[in-house]
A.B. asks: 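Before I ask anything, let me first share the structure, which is written out below as structure tokens.
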Amino acid sequence: MNEKPAVDIPASLAEALRGAKHVAVLTGAGVSAESGLPTFRDPMTGLWAKYRPEDLATPEAFARDPRLVWEWYEWRRGLVSAARPNPGHLALAEMERRLPRLSLFTQNVDGLHQRAGSRNVVELHGNITRSKCFDQEHAAESWPETGDVPPRCARCGSPLRPDVVWFGEALPASALAAAWDAAESCDLFFSIGTSGMVQPAASLSHQAQSRGATVAIINPDVSNFVSRSQILIQGPSGRVLPALLEKAWPASRTTHEG
Ligand code: OAD
């Protein structure tokens, strides 16, 4: 027998979801784990178990060794382009279609929510498939094939970098403001697949809770989130979210990409 145990979804959460006027969702790397993309802080498999963020994900690291940083992100871009949305991404896209308003904020840079069909997605940490130049932040969709690694900006010649937020950099102001607004005005807030170690992840759920929203956490490892006023669903989001969708709207179906 290798049948997986059923996910236990509290009826009160399914009801809250079905009746919600505005649902805000914050996602992190765990949502894409079942698409084969490594998280950051899982002890054995996370990227930060194998690599040092200060060598790869800061402006100083790029200034020191732009080739190393560019090539590391090229490797990650390859993983992202080979990955496909999983049932968790698809269930969130389906929830958006069924609800009056769902605001999705993601710390992920992989674009899998959009590929799953979610439309109202705000990227807090940028997108790994885009590039911009290091000196002027010119967006770069193409560049001269000079053989330089990293390639150079066609407008100013500065080296190109991924259009993601690194440690020590500010989050895009409009994305952050939208996340705060949603946390303050939603009636239901989900924190899914994030360790909450990087701000504003932890603060957003507290803010939502202090404004009276129901807060639900979906994560296989809920040891960090023990607060009796939150709803904890322990499990992988690729199983929990479809189960939640089915419980809120029985006999619902998700469609697969492509
Ligand atoms: P983390 O790696 O810190 O946390 C991932 C979370 O996902 C953990 O709490 C895991 O328990 C959980 N998880 C693992 N598998 C899961 C699954 N199948 N379903 C649901 N949850 C699962 O990733 P983030 O919280 O996203 O920033 O990290 C936030 C930021 O820190 C990232 O955007 C990145 C990182 O350093 C930068 O690179 C600047």
Side-chain angles (χ1 to χ4, degrees), residues 4-5 7 9 25-62 69-70 72-73 75-77 79-80 83-92 104-113 116 121-130 161-172 175-176 179 190-205 216-227 230-244:
K4 295 180 182 146
V7 184
I9 305 290
V25 180
L26 174 71
T27 64
V31 151
S32 296
E34 289 151 275
S35 294
L37 298 180
T39 63
F40 293 94
R41 293 181 184 78
D42 279 279
M44 302 306 288
T45 54
L47 289 172
W48 298 152
K50 299 192 191 102
Y51 307 97
R52 284 161 28 105
E54 54 272 42
D55 291 341
L56 296 162
T58 67
E60 294 76 20
F62 187 81
V69 173
W70 179 264
W72 189 67
Y73 277 91
W75 167 68
R76 287 184 54 202
R77 280 176 174 146
L79 298 181
V80 164
R84 290 171 60 85
N86 66 55
H89 297 109
L90 295 166
L92 284 171
L104 178 48
F105 299 92
T106 187
Q107 298 165 92
N108 299 344
V109 295
D110 55 33
L112 287 176
H113 286 303
V121 182
V122 175
E123 293 175 324
L124 294 166
H125 289 175
N127 190 304
I128 200 170
T129 63
R130 293 194 304 260
R161 54 162 284 181
D163 189 1
V164 299
V165 177
W166 280 331
F167 291 101
E169 295 183 319
L171 271 60
L176 197 52
F190 284 99
S191 172
I192 309 174
T194 177
S195 61
M197 300 289 282
V198 171
Q199 289 298 352
S203 310
L204 285 171
S205 58
I217 312 288
I218 299 174
N219 198 308
D221 171 9
V222 292
S223 52
N224 293 332
F225 301 108
V226 180
S227 155
Q230 298 177 343
I231 298 172
L232 307 175
I233 306 180
Q234 184 164 14
S237 48
R239 294 190 50 229
V240 172
L241 286 166
L244 175 60

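For ligands, and for the atoms within them, numbers begin at 1 and follow the listed sequence.
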A.B. asks: Can you name the atoms of ligand 1, numbered from 1 with element, that are less than 4.0 Å from a heavy atom of Val165?
C.D. replies: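 By the 4.0 Å cutoff, the relevant atoms are 39 (C).
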A.B. asks: Does NZ or CZ of Arg52 lie under 6.0 Å from the centre of the six-membered ring of Trp48, at an angle within 45° of the ring axis?
C.D. replies: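 The answer is no; the distance or angle limit is not met.
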A.B. asks: Can you name the atoms of ligand 1, numbered from 1 with element, that are less than 4.0 Å from a heavy atom of Gly28?
C.D. replies: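 With Gly28 as reference, the close atoms of ligand 1 come out as 26 (O).
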A.B. asks: If we ignore hydrogens and angles and just use 3.5 Å, is the side chain of Asp110 paired with the main-chain N or O of Leu112 as donor and acceptor?
C.D. replies: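 At least one qualifying donor-acceptor pair exists.
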A.B. asks: Going by atom types alone, do Thr27 and Thr106 pair a side-chain donor with an acceptor below 3.5 Å?
C.D. replies: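 Present: a donor and an acceptor within the cut-off.
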A.B. asks: Any atoms of ligand 1 less than 4.0 Å from a non-hydrogen atom of Ala29? List them with their elements.
C.D. replies: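 Per the distance check, 23 (O), 24 (P), 26 (O).
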A.B. asks: Does Ile218, backbone or side chain, put an N or O under 3.5 Å from an N or O of ligand 1?
C.D. replies: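 No - when backbone and side-chain N and O of Ile218 are compared with those of ligand 1, no distance drops under 3.5 Å.
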A.B. asks: Enumerate the atoms of ligand 1 whose separation from the nearest heavy atom of Asp221 is less than 4.0 angstrom.
C.D. replies: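 It comes down to these atoms of ligand 1: 11 (O).
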A.B. asks: When you compare ligand 1 with Trp48, is there at least one nitrogen or oxygen pair between them that comes in under 3.5 angstrom?
C.D. replies: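 Yes - when backbone and side-chain N and O of Trp48 are compared with those of ligand 1, one distance drops under 3.5 Å.
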A.B. asks: Could you walk me through whether Phe62 and Trp166 pass the ring pair (Phe, Tyr, Trp, His ring centres under 6.0 Å) test, one step at a time?
C.D. replies: CA-CA 10 Å; Phe62 187 81; Trp166 280 331; 5.7 Å; yes
A.B. asks: Indicate whether the side chain of Ser203 and that of Gln199 have a donor and an acceptor atom separated by less than 3.5 Å.
C.D. replies: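 A pair is found: one side chain offers a donor N or O, the other an acceptor, under 3.5 Å apart.
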A.B. asks: Against heavy atoms of Glu34, which atoms of ligand 1 measure under 4.0 Å?
C.D. replies: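 Every atom of ligand 1 under 4.0 Å from some heavy atom of Glu34: 17 (C), 18 (N), 19 (N).
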A.B. asks: One thing to verify: whether Glu34 and Arg84 come together as a salt bridge, which I'm taking to mean a side-chain N less than 4.0 angstrom from a carboxylate O.
C.D. replies: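 Looking at Arg84 and Glu34, the cut-off is not met.
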A.B. asks: Of all the heavy atoms in Pro220, does at least one lie under 4.0 Å from an atom in ligand 1?
C.D. replies: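 Checking ligand 1 against Pro220, which is what was asked, there is a heavy-atom contact under 4.0 Å.
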